Amino acid sequence: MAVKTIEDLFIHELSDIYSAEKQLTRALPRLARAAELPELKEAFEMHLEETQGQVERIDQIVETLGIRLKRMKCAAMEGLVEESKEVIDAIDAGPLRDAALIGGAQKVEHYEIASYGTLSAIAKQLGYKDAVTLLQATLKEEKSTDEKLTMLAEQAGNQRAAQKQSAA
């Protein structure tokens, strides 16, 4: 389906983020297992639950609007997930890997924040009030997750990685 109208763009972007969220639900358990810091493991596990709810919201939007998503794979999320696999393979378990995992997770959050912000703006333009409400709820969760990751990095992750470095 070619993107020729704002409605087409909405469906395209919604299809893309749906794929992204599905990929993320498969990646988060691996990230939780790779994390050493208990708070980081917990953050990944909590975000998995949130992500599953976000997929359900997209399903609600699709049902409410009577639209059909395109079958596609989000290349951006595919790349971000691949980066996380490289981090896990390249960096030994410990504080440095945790710091890298936090950074990678924040890249994911920023992608999602941009996607849901765009979708919300398009939905407003189209008058899709119910979709706006659902998209804004997800956007709020993504921003909150990003803030939690920043605090985790500042309060534990990066400090532990730096201390380990100077001790080596």
Side-chain angles (χ1 to χ4, degrees), residues 1-3 6 8-37 39-59 61-62 67-123 131 134-154 156-158 161:
M1 170 173 132
V3 176
I6 190 104
D8 293 345
L9 181 60
F10 181 79
I11 292 168
H12 177 83
E13 293 296 321
L14 196 63
S15 299
D16 184 73
I17 197 66
Y18 188 78
S19 167
E21 297 291 19
K22 290 294 220 175
Q23 289 179 60
L24 193 55
T25 59
R26 292 187 297 274
L28 282 166
R30 180 176 40 254
L31 296 174
R33 286 190 304 273
E36 183 178 84
L37 190 65
E39 298 90 340
L40 183 55
K41 282 183 185 291
E42 183 182 328
F44 286 138
E45 290 164 358
M46 285 178 49
H47 196 55
L48 175 59
E49 288 179 36
E50 264 185 5
T51 302
Q52 290 165 337
Q54 293 164 356
V55 168
E56 289 172 16
R57 283 192 198 116
I58 294 171
D59 288 335
I61 291 168
V62 167
I67 59 176
R68 193 164 166 213
L69 295 180
K70 297 193 297 184
R71 294 184 64 84
M72 62 187 298
K73 188 164 199 174
C74 176
M77 187 60 72
E78 186 176 31
L80 291 168
V81 167
E82 186 57 37
E83 277 188 24
S84 73
K85 289 176 186 173
E86 291 170 8
V87 163
I88 292 167
D89 291 342
I91 303 174
D92 291 336
L96 185 59
R97 181 194 281 175
D98 284 350
L101 290 173
I102 292 168
Q106 286 196 283
K107 289 178 186 179
V108 166
E109 291 311 308
H110 290 207
Y111 178 76
E112 291 177 314
I113 289 166
S115 295
Y116 284 107
T118 298
L119 277 163
S120 181
I122 295 171
L134 294 168
L135 293 165
Q136 287 287 324
T138 298
L139 181 59
K140 185 177 178 183
E141 285 176 354
E142 301 296 7
K143 288 180 178 179
S144 175
T145 297
D146 182 51
E147 289 170 12
K148 288 175 194 167
L149 288 166
T150 296
M151 286 192 324
L152 198 52
E154 292 173 348
N158 294 345

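Keep in mind that this is a model prediction, so the values were computed, not measured.
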Inter-residue atom distance Glu112.CD - Leu24.CG, 0.5 Å rounding: 5.5 Å
Selection residues 15-34 - residue pairs positive for salt bridge (Lys or Arg N to Asp or Glu O under 4.0 Å), sequence neighbours left out: none
Lys41: partners by side-chain contact (heavy atoms from CB on, under 4.5 Å), with sequence neighbours left out: Ala35
Shortest non-hydrogen contact between Ile102 and Ala153, atoms and distance: CG2-CB, 3.8 Å
Atom pair CD1 (Ile58) and CG (Leu119), whose distance is rounded to the nearest 0.5 Å: 8.0 Å
Minimum-distance pair of heavy atoms, taken over all atoms of Ala100 and Ile91: CB-CD1, 3.8 Å
Which atom of Ala2 lies closest to which atom of Asp8, heavy atoms considered: O-OD2, 3.3 Å
Partner residues of Ile67 under the side-chain contact (heavy atoms from CB on, under 4.5 Å) criterion, sequence neighbours left out: Phe10, Ile11, Leu14, Val62, Leu65
Pair Thr138-Glu142, side-chain hydrogen bond (donor to acceptor under 3.5 Å, both in side chains): steps then yes or no: CA-CA 6 Å; Thr138 298; Glu142 301 296 7; over 6 Å; no
Exercise: identify the closest heavy-atom pair between Ala20 and Met77: O-CG, 3.5 Å
Contact check, side chains of Asp92 and Arg97, non-hydrogen atoms, under 4.5 Å: no
Closest non-hydrogen atom pair, Leu135 against Ala123: CD1-CB, 4.0 Å
Using atom types as modelled, flag every donor-acceptor pair under 3.5 Å from a side chain in residues 82-90 to any protein atom, sequence neighbours excluded.
| residue | atom | partner | partner atom | Å |
| --- | --- | --- | --- | --- |
| Glu83 | OE1 | Lys107 | NZ | 2.9 |
| Ser84 | OG | Val81 | O | 2.6 |

With sequence neighbours excluded, residues passing side chain to side chain donor-acceptor pair (under 3.5 Å) with Thr145: His47, Glu50
Spatial distance of atom OG1 (Thr25) from atom CD (Glu49) [nearest 0.5 Å]: 13.0 Å
Any Leu152 side-chain heavy atom under 4.5 Å of Leu37 side chain: yes
N/O donor-acceptor pair under 3.5 Å between Asp98 side chain and Glu36 backbone: yes
Spacing of Glu39 atom CD and Leu149 atom CG [to the nearest 0.5 Å]: 12.5 Å
Ring pair (Phe, Tyr, Trp, His ring centres under 6.0 Å) partners of Tyr18, counting only residues at least two apart: none
Rounded distance (nearest 0.5 Å) linking atom CG of Leu139 with atom CD of Gln54: 10.0 Å
Any residue meeting salt bridge (charged side-chain N to carboxylate O under 4.0 Å, His left out) with Glu78, in chain and number order, not counting sequence neighbours: Lys73
Sequence-distant partners of Thr150, side chain to side chain donor-acceptor pair (under 3.5 Å), two or more places apart: Gln106
side-chain contact (heavy atoms from CB on, under 4.5 Å) partners for Glu42, two or more places apart: Met46
Residues forming a salt bridge (charged side-chain N to carboxylate O under 4.0 Å, His left out) with Glu141, sequence neighbours excluded: Arg57
Which residues share a side-chain contact (heavy atoms from CB on, under 4.5 Å) with Ser144, sequence neighbours left out: Lys148
